[in-house]
Structures are given as C-alpha cells and as structure tokens.
Visitor: 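Pasting a structure below so you can have a look.
Numbers here are sequence positions counted from 1. Model, not experiment: these values are computed from the prediction.
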Amino acid sequence: IIAAGGPEYESAPVDPADGTSGGVPGGNIRNAFLYNPERETLTEVKSLTPAELGAAGVGDPAAFTDTRNPLLGRFEYRGREIIIINNHLSSRSGSSPIFGGPQPFFQAAEDAREAQTLALNQYVNNLIDTEDARNIIVHGDLNTFEFTNDLREILPGTGPDRILFNLVRTLRDDNVYSFIFDGNSQELDHMFVTKSLLEDAKFDIVHVNTDFPNIDDTVGSDHEPLVGSFEFKHKGR
C-alpha cells in the first residue's frame, strides 16, 4: 500500500488457535481491520467468541462454530464513536450455480448462515439497548444474496424491529456483483448500517478484481471491495 502511494495502515486481527472458536480446522482465513492511526483511533478490538455472544444475550452463541468469528472494532473519529463488526460467514462450498441446474439452486450451509445472521441481529440489538450505540456497521463476506431471508429479514430485523439497512440495496445499475461463480455474477459481500449512518451514506462496489484474469499479483482477491462513506451527525456514540 505504501509503495502504491497510500498511507501506512495499522492492522488489527485476533488470531485464533487452529481448531478452536474462530479457527477453522486447517484454515488460514480470518477477519481483520486495516486503519489509518493518523485519522482514527482504535479503542477496542475483540473476537465475538461464544462467550462474548452469550454474555450479550445471543440465543445461539455457538452459531459461528467451524467458521470465522465476527471481529468487533471500536473506532473514534473526531469525537464520534463507530462500531464495526467484520464478518466472513460460513462458506457456500457445495452450492450450485444460480442460473444453472438444478433449479431451484442449492445453497450450501444456509441453515448455518441463518443462525449467524440472527446472532448478529441479537448482538447489535444488545449494543443499542445497553450502550445507546448509534453508529454501527455490520459488513463483510456474508456468503449469501441480498434477496435471501438471511439478509432481508433476519439480520436487519423487520417492521418496527428493523435496526440495520443494507447499502447494497441502494444500488440500481447492472454492476451489483462482487464475486463470479461458474460464470454467474453474484453479490455476496454486503454493508449494513444503522439508521443514523444511512441518510447521507455513499456506497459503491469497485470492480477491480473479478472482471480481470488472475495472471499475476495485480489481482488482489476473487472478491470486489465495497466502499462506503458516511457523515457522523451524532456526537459520542
């Protein structure tokens, strides 16, 4: 990043032990934050382990068993606090293509992701109830589509219980995809925000990876980055 002219970021991971909570057996994928300490201050980073989720009243604190634990980061920016929950939900490995056979297409690990999105909804509700937290972002590779009940109902809540809004649903063009699977363009990465961040949010999916052949190290990922910018209207939380 520095060589390309960017800032010197600090990193904030929580590395799990192999085979434990958050440590997928034999895996080496985890959630992490990169942040610019010249602009914002990281005040807390923690893995949302079963113990953390249970203490917050989550009904199924073991929902993330065999996948990555969510990573919570608290940041201060110009006197305002923002809480970001960074996710990589259970893999879709074994799923069938959306537009292939068989139909309806099969989504592997859908039950696991439903449990995980419910756990996230309950955890965010607890932050709102116990801390009066307003500026919350829940984002990452959620490994499912914006039209599933996981992301339309379970994670955000519905009706008067709705607490989160998916910025992916604000896009109206034909470029709403962040991954290509068997030739099918799919939107698997999402950014949910609380209402205080929604009104003036600017959001885009930047196409720098999936549309290009992976022939050298200039392609950084098989997913696309999401970019969100926000105005903080509330002092403190």
Visitor: I'd like to know if the side chain of Gln107 pairs up with that of Ser95 as donor and acceptor (distance under 3.5 Å, no hydrogens or angles considered).
Guide: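 Checked: Gln107/Ser95 side chains show no N/O donor-acceptor pair below 3.5 Å.
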Visitor: With side-chain contact (heavy atoms from CB on, under 4.5 Å) as the test, would you mind laying out the steps for Ile84 and Leu72 before giving the verdict?
Guide: CA-CA 6 Å; Ile84 304 176; Leu72 180 144; over 6 Å; no
Visitor: Does the side chain of Thr117 come within less than 4.5 Å of Leu142's, by heavy atoms?
Guide: no
Visitor: Test Glu224 against Thr210 for side chain to side chain donor-acceptor pair (under 3.5 Å), laying out the working first.
Guide: CA-CA 7 Å; Glu224 301 289 32; Thr210 62; 2.9 Å; yes
Visitor: Is it the case that Ser47 and Glu52 place a side-chain donor and acceptor less than 3.5 Å from each other?
Guide: no
Visitor: Is the shortest side-chain heavy-atom distance between Glu110 and Asn149 below 4.5 Å?
Guide: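 Heavy-atom side-chain distance check passes, below 4.5 Å.
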Visitor: Give the ring-plane orientation class for Phe230 versus Phe232, where under 30° counts as parallel, over 60° as perpendicular and anything between as tilted.
Guide: tilted
Visitor: Is there a donor in the side chain of Asn31 and an acceptor in the side chain of His88, or the other way round, less than 3.5 Å apart?
Guide: no
Visitor: Between Ile205 and Val227, is any pair of side-chain heavy atoms under 4.5 Å apart?
Guide: no
Visitor: Quiz question: by atom type and distance under 3.5 Å, do the side chains of Asp211 and Tyr177 form a donor-acceptor pair?
Guide: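 Asp211 vs Tyr177: donor-acceptor pair found between side chains.
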Visitor: Step by step, work out the side-chain contact (heavy atoms from CB on, under 4.5 Å) result for Val138 and Val124.
Guide: CA-CA 9 Å; Val138 178; Val124 172; 3.8 Å; yes
Visitor: We want to know whether Asn69 and Ser21 form a side-chain donor-acceptor pair, criterion being a heavy-atom distance below 3.5 angstrom.
Guide: yes
Visitor: For Pro97 versus Asp182, what's the shortest heavy-atom pair and its separation?
Guide: CG-OD2, 3.4 Å
Visitor: Is the shortest heavy-atom distance from the side chain of Asn87 to the side chain of His139 under 4.5 Å?
Guide: no
Visitor: Are side-chain N/O atoms of Ser221 and Asn209 paired as donor and acceptor at under 3.5 Å?
Guide: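 Ser221 vs Asn209: no donor-acceptor pair found between side chains.
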Visitor: One pair to check against salt bridge (charged side-chain N to carboxylate O under 4.0 Å, His left out): Glu81 and Arg74. What are the steps and the verdict?
Guide: CA-CA 7 Å; Glu81 181 182 78; Arg74 290 180 189 264; 3.4 Å; yes
Visitor: Could you tell me whether the side chains of Asp129 and Asn125 share a donor-acceptor contact shorter than 3.5 Å?
Guide: no
Visitor: Can I get a per-line list of side-chain donor-acceptor pairs under 3.5 Å for residues 4-11, giving both atom names and the distance, sequence neighbours left out?
Guide:
none

Visitor: Which word best sums up how the rings of Phe192 and His190 line up, parallel for under 30°, tilted for 30 to 60°, or perpendicular for over 60°?
Guide: tilted
Visitor: Where do Glu187 and Leu226 land on the side-chain contact (heavy atoms from CB on, under 4.5 Å) test, with the steps shown first?
Guide: CA-CA 11 Å; Glu187 182 49 39; Leu226 311 182; 4.3 Å; yes
Visitor: Using the benzene-type ring in the case of Trp, are the ring centres of Tyr35 and Phe33 under 6.0 Å apart?
Guide: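 No, too far apart.
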Visitor: With side-chain contact (heavy atoms from CB on, under 4.5 Å) as the criterion, how do Phe181 and Phe179 come out once you've worked through the C-alpha distance, each side chain's angles and the decisive distance to 0.1 Å?
Guide: CA-CA 7 Å; Phe181 175 67; Phe179 187 76; 3.7 Å; yes
Visitor: Indicate if Val168 and Val193 have the same hydrophobic cluster label, given that clusters are the connected sets of ILVMFWY residues with side-chain heavy-atom separations under 4.5 angstrom.
Guide: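 In one cluster: yes.
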